[in-house]
Amino acid sequence: MGFDHPDTLASRDSLAGVFRSAGRLDEAEALLREVLVERERVLGFDHPDTLASRDSLAGVYRSAGRPD
């Protein structure tokens, strides 16, 4: 498996969730941005995992008080 393999991306997404839960929002945001870019490239813009990444990133923004 490589850096952009779907399973690796899923693991990185999970790690971002751990960062978010721990209040490490800057790290969660940075990691989720990377995962989103890779998922868009590897899976496409409308793939369920890509959409889930967008949702996760939005959740980090909400947690950081940046709903826009």
Side-chain angles (χ1 to χ4, degrees):
M1 284 192 277
F3 189 72
D4 61 355
H5 187 279
D7 291 344
T8 304
L9 293 172
S11 294
R12 293 172 64 206
D13 185 79
S14 294
L15 178 59
V18 171
F19 286 156
R20 179 181 176 196
S21 295
R24 296 165 60 177
L25 300 178
D26 290 339
E27 291 168 284
E29 179 184 346
L31 186 54
L32 284 170
R33 284 177 173 270
E34 292 173 13
V35 170
L36 178 58
V37 167
E38 289 302 314
R39 280 185 165 167
E40 287 174 344
R41 183 180 65 78
V42 172
L43 302 173
F45 289 92
D46 295 328
H47 189 279
D49 290 346
T50 305
L51 298 175
S53 287
R54 285 193 193 106
D55 183 63
S56 295
L57 187 57
V60 169
Y61 292 148
R62 281 191 301 275
S63 293
R66 298 174 16 217
D68 295 336

Test your reading of the model: is there a side-chain donor-acceptor pair from [X] to the backbone of [Y], 3.5 Å cut-off?
| X | Y | answer |
| --- | --- | --- |
| T8 | G2 | yes |
| R54 | F45 | yes |
| S14 | A10 | yes |

Looking at every non-hydrogen atom in both residues, tell me the closest pair between A28 and A16 and how far apart they are.
CB-O, 3.5 Å
Would L32 end up clustered with Y61 when hydrophobic side chains under 4.5 Å apart are linked, directly or stepwise?
yes
So if I apply the side-chain contact (heavy atoms from CB on, under 4.5 Å) rule between E40 and each of L43, V42, L36, which one comes out positive?
L36
In Å and rounded to the nearest 0.5 Å, what is the CD to OG distance from E29 to S63?
11.0 Å
Measure the shortest side-chain to side-chain distance between D13 and R39 over non-hydrogen atoms and say whether it is less than 4.5 angstrom.
yes
Step through the shown structure and confirm whether more than 12 heavy atoms of other residues, nucleotides or ligands are within 6.0 Å of CG on D7.
yes
Evaluate side-chain contact (heavy atoms from CB on, under 4.5 Å) for L31 paired with E34, printing each intermediate quantity in order.
CA-CA 5 Å; L31 186 54; E34 292 173 13; 3.9 Å; yes
